[in-house]
Structure formats: structure tokens, C-alpha cells
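Just so we're on the same page: letters track the sequence lines, and every chain starts at 1.
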Amino acid sequence: MLEIKNLHVKLEDEDKAILKGLDLKVEAGKVHAIMGPNGSGKSTLSYVLSGRDGYEVTDGSATLDGEDLLELEAEERAALGIFLAFQYPVEIPGVGNMTFLRTAVNAQRKARGEEELSATDFLKEVRAKAKSLKIDADMLKRPVNVGFSGGEKKRNEILQMAMLEPKMCILDETDSGLDVDAMKLVSEGVNALRDEGRGFLVITHYQRLLDHIKPDVVHILANGRIVKTGGPELALEVENNGYADILAEVE
Amino acid sequence: MALPEVKQTATEARLAALSLPTGGCLEAGRRAALARVQEMGLPGARDEYWKYTRPETLVQAAAPEASVFDDGEVAMFNEFDRLQVVFVDGVFDAEASDDLSLEGVTIERLSDLSAKDLHWAKDLYGVLEARGQNPVERPLAALNTAFATDGVVVHVTGKPSKPINLVYKHAETASDAILHHVIKVDSGAEATILENGPAASRFNKAMEIDVADGGSLHLIRAQGRDHERRAATHLFARLGKESVFKAFTLTVNGVLTRNEAVVEFLGDDAVAHIAGACVGDGDFHHDDTVFITHDAVNCESRQVFKKVLRNGATGVFQGKILVKEGAQKTDGYQISQSLLLDDDSQFLAKPELEIYADDVACSHGSTSGAIDEEGLFYLRSRGVPLAEATDLMTLAFLAEAIEEIEDTDLGTALIERLTGWLARRR
Ligand SMILES: Nc1ncnc2c1ncn2[C@@H]1O[C@H](COP(=O)(O)OP(=O)(O)OP(=O)(O)O)[C@@H](O)[C@H]1O
Ligand SMILES: [Mg+2]
């Protein structure tokens, strides 16, 4: 599904290389986790995949089901099925959460040549999904993420994911800022979306999230590259020993 | 003191092209206004108050041509039950207008007053305008008082069941309209006035508003979308004790618009909100000039102006709050913001506070910024195309000003219109 080959990325405005030959392949139906030290390039990878400005790809490729992602605008990637749950969700004053969700859902449907969702169908769906994430009506009415607590923002990301039903879900530290109960809710939300046709890339620092969202594969990203790949036990190793051993072993 | 020669010549040329309506109870007021114009001279490029907006085309003898724009849309405010008073290029259109009788209000035409002798309007006509000439001169308003060909004279005595909608249509490419309205709201009375349309190629409009103790007046206007039209408008409001006056203006398109609002608090505990939202593209130039005088205790004034500018459009805001000695407990708030969608557009702001009382809370702020790139990316990452995402952020920015309209149905209607206009322009 998602295939990244030898990806090299630098900042557009600075001579700073962040991703330095990253290879990664996420198959449909699988959950891949990425762990790695702060500043290793995890969020950069998620931004480059979703089409944020400010980065320059100097080498390598990234495709989704064979389509070259790097050539596309962010909105086109979204319509193809890329979704990023942001590490730091953005506040948009003045735009109601509901309007935002509806505009997004319909824009994607339109891009795919599907009919727009009727107001009633949309409302029904959003209410049901919000309820399972314990997002109340008030949060749906408020401007996007404005005044939301850290945990509420993360739940709002998962609500968007649930509404958009993307093919390839990238979750950047969705567990940070969540209390124990919210972590369960969010994990349930993610697990509910797990199916044959959908791939997940879950970026996290903690084993705890992976207790709820069981990964098939775990990667260690350090200094702009995947330096080690293994099963769920790799996450446990990181949890217990940190990165020092792994990094030493790689060098 | 003699006027500078350039100004003298320009003023004479303009006056020569006009004729003063005679007869009736307003003639004395008109003649006094003409004397004011002759003394002040019409605005010139060197006037401090016209530093950011070029007055020449508003002053020149003949109106510059402006093509008539017809988008085939249903009329603004069409979904509301309202009493329509229609002017085409400044000429009253009886056929298109509704019957002017409505409970709780008396509506007459200004031009009918020339036949009447005794009328309350003569005590207001040009009076508030004349008061508004101090400390800053507004010669185009005096010109309006002298030469206005028509307008409405509205006496609100109760609570009319529906708004009065002044509809200004534009039909001729070189039309020059001068309209003057007088609105008197009695103690405890309450009304809403809606205005919409481009009015003419060039439009000079003045509205004098007197709100008595405990009265309230809401004014919502949508200036027409003709691209080449020009307008100079003045609002003069005098507010009594515990009265409320709220005005909102939406401006989209127009090559030159100057909207002045002059508000004076004379009674304690009154409230005045003046707000505006505008969207400008290309050769659009829009100027909001506001002057609020607090001369009473515990009054609240609020100015909220938002402008979205692109492709070289210019926005101007000159807003002043004057708190006179003794006007304690004044709450004065003023914000003017612009969203610049490109580097060619500009926003010029001159916010001013002048305070002679010690127990007041006044604040003002002015900002000018580009669209939030983070927000834009967030929207796009959810599949919303760039143009649509930009519109969404634009509307969000303007919504804060539109929310100043107390009647949420009217506010929603304006937002819906605006959404449609933005979408069409993509
Ligand atoms: N726009 C930018 N300007 C300057 N430096 C940047 C920019 N974006 C990323 N970097 C740098 O690139 C490196 C990788 O950042 P990135 O956010 O991808 O790390 P991360 O792996 O997500 O870290 P964390 O675990 O702390 O979230 C860091 O050193 C960061 O400071
Ligand atoms: Mg990160």
C-alpha cells in the first residue's frame, strides 16, 4: 500500500537534511509502529507524506498503491486516502468543527466523483461517531480545536479519521496528552477502523499505546533512517532499555 | 480664510453642476449647508483626513462612468418580510416600492417635505450633519444636505413589525445620486433598517439618526456589488439615555467607498456598535472612517472592522474615540483587522483615542496579517482544496464582524450570500 524508497528530505529554506535514505513499506491491513528519539524525523516523515510545504525531497520516492504521492497537492493526497492525525492539531478560529468536518467529507467525495453526503446522513454519522469517542455536541459546534484540551484535540483527530475513512492512516503521537481512559477510547476508535484494506503507521514513544493498538511491525527511526525493524517485542525492548543499545548495535 | 485655489476651483466646479432644491421647510437648512460647503471647500488630495483615500472622483463635477452589474441573484434580504422603498439611480420608484404605511412608524419622502411647512424633520435635517463637522470637517456630507434630491424621513414611534428596506438600484452608467435620510426614533421605540444595492455610478448618501432615551435602532447594509461604483456615505447618530444603535455594513466590490460614521453619546448608559466587513479585489479601495464622541456617563461604544484584501486592493480604517471630560465609566472598544491574501494588497489604519476623563476603559487594536498557513495546510490535509480552504478561512475571519449583527437570521443570511459570492469568484 504505502511504499517509501530511499527518501531524502531537507528543509526548503535551510541546508538541513532530515530524512536520509528512509525505506518503509506498509501493507494493507497491517499496523506499523514507528518509534525513535526526539528529533529523529518522525513528524517530518508524516508531513512529507501528507504534503506540507517547507520540505524538499532530494531523492527517493513515496507511493500509495503505486501512485506517486510526492507530485500531488495535500488535498489530492487526502482524496487518495492519506490521513495524518497531527502531533499538534491546528486551531482554526471562526470555522465550526461541524462545518469543517462536513466540508472535508464532501470535498473528498467530490474529488473521488462520489455524491455529497446529505445533511441528515452526515449529522447522523457524525453524532454516532462522536458519541463513541465521548465528544459532546458542544465540541462539535465550537471552532476547530479552539479551546480544546490536549486530549480533546487528539480525540477530534480520531473523529476526523473515522469520518473520512482513509486508506492510509498516519498517527503522530496521538497518545501524547491522553489520560488512561481517553487512550482506551482512542485506541478503540483506531481498532474499529482496522481492516483488510487499510494501513496504519503509528508514531509513538510509548509501549502503552501499542498494548491497545497491537502492531504487526515495529520500526526504529533514528537520524533520518529506519535503523531497525522487528515485531512487537522491539517496542518492549525500547520501553525497557531506551535507544542506546539499539543505536550502538546499528553503528 | 480664503480656500487654496485648487480647492476653490474644484468646489466651484462641483457646485456649478448642482441645483439646490427650493421651497418648503428644508430650504433654510439646505442654504446653511451650502454656506458650510463654500466655507470648507470640498475634500482635496492634501487634506489630512483624506490622506489615505483620494477624493477627486467623489468631488469632480460629473460622476465617473460605472457599468451596471447584474448577477441575476435574488434580491438581498429577499427571504425576510420587509417594507421596501426603492430608489433607482437615486430616483424614487413608486411602482417597485411597497405601500409606505406600517404600524409604529411614519415613512415619508424627503422630496415631499418641500411642500410642507411645519415638520419635525426640519429640526434634524442638516443639524446632526452640522454638529458632525466639528472637530473634523466632512464637506461631502454638507454638500449632501444642500443638494439631496430625495430620501426618506422616518419617524419610529413604536415597534414596527418588520424592517424598512431601502433598496438602491443602479441603472445608468453615469448616474450621480444624492440621497439624505432622517431617522427619528422615539423614546422606547425600536426599528431595523436594511439597505442594499449600489445606488448609482456615484452615490453620496447621508443618514441622520436621532435615537431618544431608551430607543433602539439597528442598521444593516450591504453595499452593492457593482465593480466600478463609487460611494461616499455618512452616518450621523445622536444617542439619548439608555438608547441602542447598532450598524453593520458589508462591502464587496466597488472601486471606491468611503463610509463615515459619526456617533455622539448625549445620554448616559447608551450603547453604540459600528461594525463592517469587506472583501476587496484588484482596484478596490475601501475606507471606514469613524468618530465616536462620549459626552455622557457609562456608555459603551464598540467598533469592529474586518477587511479581506487581494490582488492589490486597499483598505483604510480611521477610527477615533473621543471621551470628553466627565464621560466617566466609558467603555470604548475598537478593533480593525485586515487579512491580506497577497503582498500587493495593503491596509492603512489610523486608530486614535483622545481621553479627558479618568475612569474609563478604552482599548484599540489594529492588525494586518496573511492567511494562517498552518490552518490552510490542516484544511487541505483533510481534502479541502486550496481555494475552498482559503474561502473558509476568509469567512471565518469576517464572521467576527458579521456576528456583531444582533439578529442572527440576518447575520446568517449575509454569511450565506458571502459564501456564494466567494465560491463564484474562485
Ligand atoms: N521547519 C523546521 N525548521 C527547522 N528545523 C526543523 C523543521 N522541521 C523539522 N526540523 C528539525 O528536524 C528534526 C526532525 O524533526 P521532527 O519533528 O521530524 O522530529 P520527531 O522525530 O518528530 O521528534 P519528536 O519525537 O520530538 O516529535 C529536528 O531536529 C527538528 O528540529
Ligand atoms: Mg514529532
Side-chain angles (χ1 to χ4, degrees), chain A residues 46-55 69 72-97 99-112 114 143-146 153 156-157 159-161 163-167 169-170 172, chain B residues 250 275-279 304-308 335 337-339 341-342 365 367 369-405 408 411-420 422-423 426:
Chain A
S46 71
Y47 285 142
V48 170
L49 291 175
S50 52
R52 189 186 192 194
D53 289 337
Y55 306 99
L69 287 175
L72 303 176
E73 298 291 346
E75 55 267 36
E76 295 169 323
R77 299 182 198 199
L80 264 191
I82 292 274
F83 179 91
L84 168 63
F86 284 54
Q87 181 173 5
Y88 304 107
V90 181
E91 299 187 0
I92 312 184
V95 178
N97 213 5
T99 308
F100 166 66
L101 276 167
R102 196 163 163 221
T103 309
V105 168
N106 283 331
Q108 292 203 10
R109 293 176 77 104
K110 205 169 139 197
R112 292 194 289 256
E114 298 163 14
V144 180
N145 293 327
V146 177
K153 283 181 182 167
N156 201 29
E157 293 292 289
L159 173 63
Q160 291 165 41
M161 190 168 91
M163 288 303 295
L164 294 168
E165 300 180 334
K167 264 199 253 173
C169 308
I170 305 165
D172 192 359
Chain B
L250 174 67
C278 79
V279 180
V304 178
F305 288 91
K306 299 256 191 175
K307 296 177 165 62
V308 178
I335 183 126
Q337 295 182 313
S338 76
L339 175 62
L341 296 181
D342 52 52
T367 62
I371 204 155
D372 175 23
E373 291 293 337
E374 290 281 321
L376 215 49
F377 172 61
Y378 193 61
L379 287 166
R380 297 176 73 189
S381 78
R382 298 311 185 232
V384 183
L386 178 60
E388 206 176 324
T390 306
D391 284 357
L392 212 52
M393 307 261 305
T394 299
L395 276 171
F397 172 80
L398 294 174
E400 249 177 79
I402 299 173
E403 278 159 15
E404 293 291 311
I405 301 172
T408 49
T412 306
L414 286 187
I415 289 181
E416 275 168 16
R417 279 298 164 116
L418 200 48
T419 308
L422 289 174
R426 271 184 219 143

**Prompt:** Is B/Glu373 paired with A/Arg52 through a side-chain N to carboxylate O contact shorter than 4.0 Å?
**Reply:** no

**Message:** Can you classify the ring geometry of B/Tyr378 versus A/Phe86 as parallel (below 30°), tilted (30 to 60°) or perpendicular (above 60°)?
**Reply:** perpendicular

**Message:** Can you tell me how far apart CG (A/Asn106) and CD (B/Glu388) are? Round to the nearest 0.5 Å.
**Reply:** 9.0 Å

**Message:** Does any backbone or side-chain atom of B/Glu400 lie under 4.5 Å from a heavy atom of chain A? Answer side chain, backbone, both or neither.
**Reply:** neither

**Prompt:** Under a 4.5 Å heavy-atom cut-off, does chain A meet the side chain of B/Glu403, its backbone, both or neither?
**Reply:** neither

**Request:** Mind checking the CD1-CG spacing from A/Ile92 to B/Leu379? Nearest 0.5 Å is all I need.
**Result:** 4.0 Å

**Considering all heavy atoms, the nearest A/Ser50-B/Phe377 contact** = OG-CZ, 3.6 Å

**Complete:** Looking only at heavy atoms, the pair that brings B/Leu392 and A/Val95 closest together is O-CG2, 3.8 Å

**Message:** Nearest 0.5 angstrom please: B/Ser381 OG to A/Gln160 CD, how far?
**Reply:** 7.5 Å

**Toward chain B, the part of A/Asn145 with a non-hydrogen atom under 4.5 Å** = side chain

**Message:** For A/Ala107 versus B/Val384, what's the shortest heavy-atom pair and its separation?
**Reply:** CB-CA, 4.0 Å

**Request:** Any chance you could measure B/Arg382, atom CZ, to A/Ile82, atom CD1, to the nearest 0.5 Å?
**Result:** 12.0 Å

**Request:** Identify the two heavy atoms, one from A/Ala78 and one from B/Arg380, that lie closest to each other, and give their separation to 0.1 Å.
**Result:** CB-O, 4.0 Å

**Item:** Heavy-atom pair of closest approach, residues B/Ala396 and A/Gly94
**Value:** CB-C, 3.5 Å

**Prompt:** Take atom NZ in A/Lys167; do more than 12 heavy atoms of anything else shown fall under 6.0 Å from it?
**Reply:** yes

**Prompt:** Side chain, backbone, both or neither: which part of B/Leu386 has a non-hydrogen atom closer than 4.5 Å to chain A?
**Reply:** both

**Item:** A/Val144 versus chain B, the contacting section by heavy-atom distance below 4.5 Å
**Value:** side chain

